[in-house]
Amino acid sequence: MLASIATFAAYFVVMIAIGIGVYNRTRSQADFVLGGRRLNSWVAGLSANASDFSAWLLLGLPGAIYLSGLGEAWIAVGLGIGFAASWWLIAGRLRVYTERVTDARGGGDSDSLTLSSYLENRFADRSGALRLVSAVLILVFYLFYVASGLVAMGGLFNQVFGMPSSAAIIVGVSIVVLYTFLGGFLAVSLTDVLQAVMMWIALLIVPIVGIIAVTADADREVGDFADVLGGVEGSLGDALAPMVIISGLAWGVGYLGQPHILARFMGIRSATDVRKAGAISVTWAITAMVMAVILGFTGAVYFQDPLGDPEQVFAQLIQALLSPWVAGLLLAAILAAVMSTADSQLLVGASAVTEDGFRLFLRGRMSAMALVWTSRAAVIVIAILAATIALSGNNTIMGLVSYAWAGFGAGFGPVILLSLYWRNMNRAAALAGMIGGGATAILWDVLDNDGIRLGPIAVDALETGLYAMVPAVIVSLIGIFVFQYAGRTTTEMEEDFDRVEREFRSPGATPAGR
């Protein structure tokens, strides 16, 4: 207990120290939201990993593998493909486009700081509709995403210290809010680098120690190969079911529309740094997911009796296999995974409130520091709302993440991808894609699990087992192509597209930063 308290306390001190250290470097909204677009390849790459993989990687995925076996590994396969595709297809173009596209309201280069402002400027939308719809989607789904991290934090503190989950959630969210409040994007990105390293090392050490312990125990009954691959409750046959494979692979599409990951692409120092950052990031991601899958199978073999909470299999392995001080350090890595995503999501959500709310309607009437303080206040408000969801109970990490992931992936993924490659895409198509994809993700989750009742009208649960991402992306694409005929492009939009494409493709391009 003493070792865990000491390592957790040291970790908290380092996180807060980083926030304090960069406090005076945050002088404008651009600094708070994107760190002044000055992330190098290593920081951008590792920050994208830490902000993405979170508690899902260290708790949710190993727990799902432990419980259901190989069927859940399809998620990791889909995510590996999708993550690489996001760096290859989106990162470089989005970095250039967000700085070079013409400001829809003021003319000149826009320097779009959020996904919402990028969409407004890309489609020359002076009505504010695109910005409003995208901001609403961001806030709604981030409340659930941040809540997933707080649920993980509560479970971890309960497992390690016996602390009630409600108290752990309050303590954890307070620490995350503090350093995000102080340092903004730069603090979040710098802490992400440390957190990414801690997560990767923990995923490397624990499966190795666990496999050694299992093979060294001659009295342990391992079971046959098919039983192990099926997890504690699943079977190998379930893992090869077409619906399981399709739903697992569909998770990869989500990478095209996650605002907290796209923010790393927007904040990288230049488009020329993207290739190196992508190589670092994808290598980390694929190796980490492979180790997380192995860890889940290791837990299924090591623990003879079923665990009460499968999502704590990593923490339980650490405590069972390692000395207290080493265990304390590795448990802090799980905490790092939780906090590294919660801080990024709080920041993007706060940016949506400030950039797409206050700044949109009070344009020119707020000073640079007033905007920063508004963003800091928004961080606190969003954290409180997310904590309320986490404290409501009956939520799993995997369930909350899958809900938010489908919403972002379908609501933004097709729109962002096509906006970077389709010269003639217009505002009406973008609106239809976002609304159709986001709404379908919400409705499918309700219909496919619980059904819905509206007065005397009842719709039974579909019970297809198909992940919401699949139908939601299909609806988004249909909406984009159908409503393309309801709008038009302008000469300015076409010229912007051609200008960005030339800059992106020009050999030896100079950094896109000012």
Side-chain angles (χ1 to χ4, degrees), residues 52 56 71-72 74-91 93-94 115-116 118-119 122-123 130 133-134 136-138 140-142 144-145 241-262 265 398-422 425-449 462-487:
D52 166 31
W56 172 85
E72 299 295 338
W74 291 111
I75 297 175
V77 175
L79 289 174
I81 296 170
F83 194 55
S86 69
W87 278 101
W88 179 42
L89 295 174
I90 290 180
R93 280 182 168 80
L94 186 66
L115 202 57
S116 304
Y118 159 71
L119 291 170
R122 166 65 177 87
F123 296 108
L130 278 172
V133 169
S134 57
V136 168
L137 288 176
I138 286 171
V140 167
F141 288 115
Y142 268 146
F144 290 93
Y145 217 147
M243 201 67 73
V244 172
I245 296 173
I246 293 171
S247 294
L249 295 178
W251 277 68
V253 180
Y255 273 114
L256 305 180
Q258 303 298 315
H260 54 291
I261 301 173
L262 299 178
F265 300 163
M398 202 71 171
L400 288 168
V401 170
S402 66
Y403 181 71
W405 191 264
F408 282 133
F412 289 116
V415 173
I416 295 295
L417 182 64
L418 291 174
S419 74
L420 296 172
Y421 287 89
W422 188 5
M425 186 178 176
N426 60 48
R427 170 181 170 273
L431 266 174
M434 284 196 297
I435 294 173
T440 302
I442 294 171
L443 292 173
W444 188 269
D445 187 75
V446 173
L447 292 174
D448 202 42
N449 290 286
L462 299 175
E463 296 181 353
T464 65
L466 184 65
Y467 184 34
M469 182 77 77
V470 178
V473 166
I474 292 173
V475 170
S476 177
L477 290 171
I478 291 173
I480 291 170
F481 288 109
V482 169
F483 280 84
Q484 174 69 14
Y485 297 101

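The only option from Trp444, Tyr142, Phe144 that meets the ring pair (Phe, Tyr, Trp, His ring centres under 6.0 Å) definition with Tyr403 turns out to be Phe144.
Gly479 approaches Ala432 most closely through the heavy-atom pair O-CB, 3.5 Å. The shortest heavy-atom contact between Ala406 and Ala468 is CB-CB, 4.2 Å. Between Val415 and Ala430, the shortest heavy-atom distance links the atoms CG2-O, 3.7 Å. Scanning all heavy atoms of the two residues, the minimum distance from Ala410 to Pro414 falls at O-CD, 3.6 Å. Between Ser134 and Met434, the shortest heavy-atom distance links the atoms CB-SD, 3.8 Å. In plain terms, the two heavy atoms of Ala429 and Gln484 that are nearest each other are CB-OE1, 3.4 Å.
In this structure, CD on Gln258 lies 10.5 Å from CZ on Phe265, to the nearest 0.5 angstrom. A distance of 10.5 Å separates CG of Leu79 from OG of Ser86, quoted to the nearest 0.5 Å. Distance check, rounded to the nearest 0.5 Å: CG of Leu137 to CD1 of Ile442 gives 7.0 Å. The CG atom of Leu431 lies 9.5 Å from the CZ atom of Phe123; values are rounded to the nearest 0.5 Å. The structure places CG of Leu94 at 11.0 Å from CG of Leu417, a figure rounded to the nearest 0.5 Å. Taken to the nearest 0.5 Å, the NE2 atom of His260 stands 7.5 Å off from the CZ atom of Phe408.
Taking the six-membered ring wherever Trp is involved, the centroid distance between the rings of Trp405 and Phe141 does not fall below 6.0 Å.
Residue Trp88 places its CH2 atom among 12 or fewer non-hydrogen atoms of other residues, nucleotides or ligands, all under 6.0 Å distant. For CZ of Phe483, the number of neighbouring non-hydrogen atoms (other residues, nucleotides, ligands) closer than 6.0 Å is 12 at most.
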Listed pairs under 3.5 Å, donor-acceptor, residues 243-255 side chains, sequence neighbours left out:
unit_1, atom_1, unit_2, atom_2, d
Ser247, OG, Met243, O, 2.9
Ser247, OG, Gly465, O, 3.4
Ser247, OG, Tyr467, N, 2.9
Tyr255, OH, Asp52, OD2, 2.4

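You'll find the side chain of Leu400 stays beyond 4.5 Å of the side chain of Tyr145, heavy atoms only. Using a 4.5 Å cut-off on side-chain heavy atoms (C-beta onward), Val473 and Thr440 make no contact. Tyr118 is not listed as a side-chain neighbour of Leu262, based on a closest heavy-atom distance of 4.5 Å or more. Counting heavy atoms from C-beta on, the side chains of Arg122 and Leu420 never come closer than 4.5 Å.
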- Item | Step-by-step side-chain contact (heavy atoms from CB on, under 4.5 Å) determination, Ile138 to Phe412 | CA-CA 10 Å; Ile138 286 171; Phe412 289 116; 3.8 Å; yes
